[in-house]
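Scroll down for the structure; my scribbles are underneath it.
All values reported here derive from a predicted model rather than from experimental measurement. Residue numbers start from 1 in every chain, and the chains themselves are labelled A, B, ... in the order their sequence lines are given, proteins ahead of strands.
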Amino acid sequence: MILDGLNTVQRQAVEQTDGPIMIIAGAGSGKTRTLTYKIAYLLQQGVSPFSIIALTFTNKAAKEMQERIIDLVGIEAKGLLVGTFHSIFSRILRMEAERLGYTKNYTIYDDDDSKKLIVDIVKSLNLDEKQYKKGRMLTRISYAKSALYSPEAYATEGLFLADDNASKIPLFYKVYAVYQKRLFQNNAMDFDDILFNMNVLLRDYSDVREKYQRRFKYILVDEYQDTNYSQYHIIKVLADFHKNICVVGDDAQSIYSFRGANISNILNFNKDYPNAKTFKLEQNYRSTENIINAANEVIAKNEKQIPKTIWTDNPEGEKITYRILPSDREEADWVGKKIQQDLQESKDSFSTAILYRTNSQSRTFEDSLRLKNIPYIIYNSTSFYARKEIKNIIAYLRLVVNNSDDEAFERIVNYPARGIGATTMDRLKIAAQQYNLPLFHLAESITPNNPFQITPRAVSALTDFCLMIKSFTGRVETDDAYTLGKDIINRSGIKTDLALLKEQEDKDRLENVEEFLSGMQSFVETEEESIIDSLTGEEISIENKTLDVFLQQISLMTSTDVEEDEESNKVKLMTIHSAKGLEFDNVYVVGMEENLFPSTLSFATREDIEEERRLFYVAITRARKNLILTSANMRFRNGSVDFGETSRFVREISQKYLNIVDDSKKEKLSTISFQQKENNKSFISLKKKEPLTSLRHNSLTDKKSSLNLKKKEEGLDDSWHLAKDEEIEVGVKVHHSKFGYGTVTEVELKDKDKRAHVDFGEMGQRVLILKFAKLKIQ
DNA sequence: ACTCCTTGGGTTTTT
DNA sequence: CCCAAGGAGT
């Protein structure tokens, strides 16, 4: 019997097939295991795979689940609908798009596209771009959509309007309205639209609603604590007929409120479904006892949570290491060296991750690992597809598939250069706005004597361009993605353009293009999926290997969606957010400093701090065996230097689980290995005699910064010298290599270090630790 | 029309 | 610091 591998609660949760079910699954408690067994169990009970839908947050989680189910029950699992909210609903929307006025080839806009569109709109409405910032606009639009407020509904909601007024963006509702109109005109949806429109579809079309309500007899939702209102509502509607809904989540791991996730969805599940059965998976199979104990201590500091006791049978394990280092560079250096040692000790197992709060922290670690020849992979939110040359290719593909895609049109109409410059584009855009038409449709019908003052030469260039695109468009339905994509890349001139250039950078780009093409090829070569509903014989969907399907797929891909062989035997670098759901033997949580983690931006409210704490909880519960926390006393951030105190989260762990090593007070040179002295001579010499600024990340290559340094040093004559600690007194004039001239306003002794508060005038008030600051004095 | 350079602005997390 | 947008020069 397949349920043998489960513990009592897991088994109960699996065997309870019908009715509303909530599974509270602590970190490492076998959540995925329970979910996959549950689906396997349903199949074994004779439930058709076509009547099961399982929703996850990442493609990776979906893929893993699907594979594990196939392992359990074999080929029968085929036809199961397992995927992310966005991927499954965007597929359903493709089939039903016409009802909502889109075509099935609608484009999915990413944040970049959305932001460009917003800038355009803000300009056209003559609004102040500094007040109506694109990022802010997008966040607000996203917020409105996630709460299911259409532009019309938004404009009649007094609370929103009052808030916009108070925030000095009273016309935001207009931006939102035009944004939505333009998206629609472009036959495009942003990420939130996929969920929003799914809601509209279910609300307005009873046949569609009933079809899916009846079809999905069993609905399973992973990471339920991270659903927003829009997602919550889709699930609620879909489950309304059979009411077999099983949600799995952990309120302690809710970390996405910034994108609208609402923790009350999980906290209030029992209110929505009063007869719901709740199961708590509390035994942790992943981590050592020390790690679990520490994690429990940390999360106990939060007020809002579902009571539960996470425990483990695992051995106590090593203590958690907390190591303090002098600077971000030395932090990265130390982590690199430690990983190198670990590697030498256990050659075959290679399960190590470096987790950080912000993407920008990856740089120093990347440098450090590269220097030591340790293979690594960075999961960055700006991934392969975000590279310029790839974005250009994708824009071609998008325009071919969906001629109305203005963002794509603008991006490539003159790449490679074909004589369609800014003036022409401005005129074309004015015309398009006048007629409320997509750019392409205007461009293809324009004549030499047009009323828009577009020159005959430009008209001819535009016509040629449109004809070329159209010729490809005609092949979308018939050709496979690879054949068509290859032709587009060859005939558009992109390849020739890159091949002509001789710089190494262009060669790299050309290589990326080839890689992209081979990605298309493997997409085409994977088996075609045709899904037939075994109950009704109805064809549910056919995923042909055409370009439109390819595009839809890649627009929902993220940096974590890489092939397994690409990530095996590599150190994995990612943000803590991306690490959710993953586990590693060795986990380094770096940058454990107040202001960085928790982030300054979270200090405002208790809720925000609690979310940061949950994030920390997620971070430490990724570790199976070894957990290492590090912090740096000083760190370069946004061009200036930060002095960080130990994060409050570290202090929330009792000493009995911690092994604290303060490596920041030692003579710095002693921490640098022989190998590095060889490789990094100038780094050392800089450190010896230069002030702080030369420790910057790029000190070896960044010419600009050394120039800056010189500029600031100019005017310092020989009478200026490095100040001794005792020379620093209130009122003394000092010079700092980065901040310039200043006056000491206060001197204090803290953590055994003498610190000076210095007023640098325009550069602001700074608190400097004297032993690092290398202040000069006359 | 294109390229290079300067300037200015942002700076948490992402499907 | 890093990027993107705008300006100046070719």
Test ring pair (Phe, Tyr, Trp, His ring centres under 6.0 Å) applied to [X] - qualifying residues, sequence neighbours left out:
X        : result
A:Phe196 : none
A:His233 : A:Tyr229
A:Phe616 : A:Phe597, A:Phe649
A:Phe85  : A:Phe57

Between B:dT13 and C:dA4, how far is it from one P atom to the other, in whole Å? 15 Å
In whole angstrom, what separates [X]'s [atom1] from [N]'s [atom2]?
X        : N      : atom1 : atom2 : result
A:Leu601 : B:dT12 : CG    : C1'   : 7 Å
A:Asp113 : B:dT15 : CG    : C1'   : 15 Å
A:Leu615 : B:dT14 : CG    : C1'   : 12 Å
A:Gln552 : B:dT15 : CD    : C1'   : 14 Å
A:Tyr356 : B:dT14 : OH    : P     : 9 Å
A:Glu593 : B:dT12 : CD    : P     : 16 Å
A:Phe196 : B:dT15 : CZ    : C1'   : 18 Å
A:Asp642 : B:dT12 : CG    : P     : 13 Å

Quick one, A:Arg136 with A:Thr139, criterion side-chain contact (heavy atoms from CB on, under 4.5 Å). Give me CA distance, side-chain angles, the key distance, then yes/no. CA-CA 5 Å; A:Arg136 204 168 157 212; A:Thr139 310; 5.6 Å; no
What one should report as the nearest heavy-atom pair of A:Tyr109 and A:Ser114 is CB-OG, 4.1 Å
Tell me every residue that passes side-chain hydrogen bond (donor to acceptor under 3.5 Å, both in side chains) with A:Ser254, counting only those two or more places apart in sequence or in another chain. none
Can you tell me which residue pairs pass the salt bridge (charged side-chain N to carboxylate O under 4.0 Å, His left out) test with a partner in residues 596-618 of chain A, sequence neighbours excluded? A:Glu303-A:Arg606, A:Arg357-A:Glu612, A:Arg606-A:Glu610, A:Glu611-A:Arg614, A:Arg613-A:Glu652
Please check the phosphate of [N] (OP1 and OP2 only) for any side-chain N or O of [X] closer than 4.0 Å.
X        : N      : value
A:Thr575 : B:dT12 : no
A:Asn359 : B:dT11 : no
A:Lys133 : B:dG9  : no

Contacts of A:Asp548 that satisfy salt bridge (Lys or Arg N to Asp or Glu O under 4.0 Å) - sequence neighbours left out: A:Arg94, A:Lys104
Salt bridge (Lys or Arg N to Asp or Glu O under 4.0 Å) against A:Lys31, all qualifying residues, sequence neighbours excluded: A:Asp222, A:Glu223
Can you tabulate the close N/O pairs, meaning under 3.5 Å, that link protein atoms to atoms of nucleotides 1-5 of chain B?
from, atom 1, to, atom 2, distance (Å)
B:dA1, OP1, A:Gly421, N, 3.3
B:dC2, OP1, A:Asn414, ND2, 3.3
B:dC2, OP2, A:Asn414, ND2, 3.0

Distances for protein N or O near nucleotides 4-8 of chain C N or O, under 3.5 Å:
none

Taking for each residue the nucleotide of DNA chain B with the nearest heavy atom, is it A:Glu612 or A:Leu195 whose nucleotide lies nearer the 5' end? A:Glu612
Comparing nearest nucleotides in DNA chain B, the 5'-proximal residue of the pair A:Ser602, A:Phe85 is A:Ser602
Would you please indicate if the ring centroids of A:His577 and A:Tyr356 are separated by under 6.0 Å? no
Test: side-chain hydrogen bond (donor to acceptor under 3.5 Å, both in side chains). Region: residues 411-422 of chain A. Which pairs qualify, not counting sequence neighbours? A:Asn392-A:Arg411, A:Tyr396-A:Arg418, A:Tyr415-A:Asp497
Side chain of A:His86, heavy atoms from C-beta onward: which of B:dT15, C:dC2, B:dT12 has the nearest atom to it? B:dT15
At a heavy-atom distance below 4.0 Å, what parts of residues 251-261 of chain A sit against DNA chain B? A:Tyr256, A:Phe258, A:Arg259
